[in-house]
Amino acid sequence: MAKKVLIISSSPRKGGNSDMLCDEFMKGVLETGNEVEKIFLKEKVIHPCTGCSVCSMYGKPCPQKDDAAGIVEKMIAADVIVMATPVYFYTMCGQMKIMIDRCCARYTEITNKEFYFIIAAAENDKGMMERTIDGFRGFLDCLENPQEKGVIYGIGAWKVGEIKDTPYMQEAYEMGKMV
């Protein structure tokens with residue numbers, strides 16, 4: 001049975017290094033007959049959480065009228081969620097963090113999902129990237145029965161396109177085929 005795969009690309013640059021890794025992952029997913037949708041957060045309007053507590057204290061939907069609710073709905077419906085970010089100052093970019101924060105209203109419904117993480121960073125030290133992955137894992141710690149299935153550390157790529165001729169592109173493709 002085909003899985004529903006949702007790729008969330010938070011790169012502010014379409015065709016940026018983390019976004020290119022998403023595309024390779026997607027090729028692998030499609031090759032195995034699974035369904036896939038890629039959301040490019042830059043093309044969406046997503047406001048930061050205001051901390052109003054309408055969702056957590058009163059069980060009501062977030063009162064903000066933007067694209068976040070639709071993305072969360074797709075996360076709930078997906079079997080597999082891929083979260084991709086460029087690394088800025090050793091952590092995920094703001095676009096991804098804002099999206100994670102906006103899951104607050106319905107995070108208890110994001111259950112039994114498989115997760116993959118994709119990062120792209122100028123830094124060459126993979127160990128320094130664990131802070132970014134820890135941020136993703138902190139989100140997973142709040143969910144019911146998440147399964148971390150894989151991480152792609154696209155390191156040593158700063159300028160647009162530098163990731164293209166690295167082994168990380170093949171790794172993303174192969175990991176997509178394993179979904």
Side-chain angles (χ1 to χ4, degrees), residues 1-46 67-68 70-100 102-103 110 113-124 126 128-133 135-137 139-140 146-179:
M1 184 170 170
K3 291 182 180 180
K4 292 171 108 175
V5 179
L6 180 66
I7 298 174
I8 303 172
S9 176
S10 65
S11 175
R13 304 184 296 195
K14 195 163 204 165
N17 293 315
S18 64
D19 194 47
M20 289 175 71
L21 289 168
C22 287
D23 290 342
E24 285 302 304
F25 190 97
M26 186 164 50
K27 285 179 189 175
V29 169
L30 289 170
E31 188 173 299
T32 58
N34 292 298
E35 297 176 39
V36 66
E37 178 180 1
K38 182 174 120 178
I39 295 174
F40 191 60
L41 291 182
K42 182 180 179 179
E43 295 175 347
K44 304 296 182 183
V45 175
I46 304 169
D67 296 320
I71 295 169
V72 172
E73 189 69 40
K74 290 175 187 226
M75 292 172 78
I76 293 167
D79 299 305
V80 178
I81 299 171
V82 179
M83 303 177 87
T85 184
V87 176
Y88 297 150
F89 299 101
Y90 300 110
T91 192
M92 69 183 70
C93 69
Q95 292 87 334
M96 181 60 77
K97 180 60 171 117
I98 287 172
M99 188 62 237
I100 289 172
R102 289 297 301 284
C103 291
I110 304 172
K113 309 294 180 200
E114 295 177 3
F115 283 87
Y116 292 85
F117 305 130
I118 297 173
I119 64 169
E123 174 69 53
N124 281 309
K126 181 178 169 184
M128 295 297 289
M129 299 304 104
E130 284 306 309
R131 293 181 218 173
T132 304
I133 301 306
F136 284 132
R137 289 178 179 143
F139 174 57
L140 266 56
Q147 298 174 46
E148 181 182 321
K149 301 294 277 188
V151 178
I152 298 165
Y153 295 89
I155 57 174
W158 182 27
K159 295 176 184 164
V160 175
E162 283 185 335
I163 202 76
K164 190 173 185 176
D165 296 322
T166 69
Y168 309 118
M169 294 291 280
Q170 184 68 27
E171 183 181 350
Y173 171 74
E174 294 296 333
M175 201 172 287
K177 285 176 35 178
M178 292 183 347
V179 166

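All heavy atoms count here, side chains included; hydrogens, waters and symmetry mates do not. Quick note: residue numbers are just sequence positions, from 1.
- By the 4.5 Å heavy-atom criterion applied to side chains, Val87 and Ile155 are not counted as neighbours.
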inquiry  = Determine whether Ile110 and Phe115 satisfy the following criterion, side-chain contact (heavy atoms from CB on, under 4.5 Å), listing intermediate values before the conclusion.
reply    = CA-CA 11 Å; Ile110 304 172; Phe115 283 87; 4.3 Å; yes
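- Looking only at side-chain heavy atoms (C-beta outward), Val5 and Tyr116 stay at 4.5 Å or farther from each other.
- Ile8 has its side chain within reach of Met75: a pair of non-hydrogen atoms, C-beta onward, lies under 4.5 Å apart.
- When every heavy atom of Met169 is checked against every heavy atom of Met20, the shortest pair comes out as CE-O, 4.0 Å.
- Listed for the Ser9 side chain is no donor-acceptor partner under 3.5 Å among the backbone atoms of Ala84.
- Here the side chain of Glu162 pairs a donor or acceptor atom with the backbone of Trp158 at under 3.5 angstrom.
- Checked for salt-bridge contact, Arg137 and Glu130 meet the test: a charged N lies under 4.0 Å from a carboxylate O.
- The closest donor-acceptor contact from the side chain of Asn17 to the backbone of Gly161 lies under 3.5 Å.
- Between Asp79 and Lys113, the closest side-chain pair of non-hydrogen atoms is not below 4.5 Å.
- In this structure the side chain of Phe136 reaches within 4.5 angstrom of the side chain of Ile100, judged on heavy atoms.
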task = Give the intermediate values and the outcome of side-chain contact (heavy atoms from CB on, under 4.5 Å) for residues Met26 and Asp23.
result = CA-CA 5 Å; Met26 186 164 50; Asp23 290 342; 3.8 Å; yes
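- Taking a 6.0 Å sphere around NZ of Lys38, one finds it holds more than 12 heavy atoms contributed by other residues, nucleotides or ligands.
- You'll find the side chain of Gln95 stays beyond 4.5 Å of the side chain of Lys44, heavy atoms only.
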task = Evaluate side-chain contact (heavy atoms from CB on, under 4.5 Å) for Tyr173 paired with Lys177, printing each intermediate quantity in order.
result = CA-CA 6 Å; Tyr173 171 74; Lys177 285 176 35 178; 3.5 Å; yes
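- Phe117 has its side chain within reach of Leu140: a pair of non-hydrogen atoms, C-beta onward, lies under 4.5 Å apart.
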task = Show the numbers, then the answer: is there a side-chain contact (heavy atoms from CB on, under 4.5 Å) between Asp67 and Ile39?
result = CA-CA 11 Å; Asp67 296 320; Ile39 295 174; over 6 Å; no
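- Scanning both residues, Ala120 and Leu21, for their nearest heavy atoms gives CB-CD1, 4.4 Å.
- Contact of the Lys3 side chain with the Glu114 side chain is registered, since non-hydrogen atoms from C-beta on lie closer than 4.5 Å.
- The two residues Asp19 and Ser11 come nearest to each other via the heavy atoms CB-CB, 4.2 Å.
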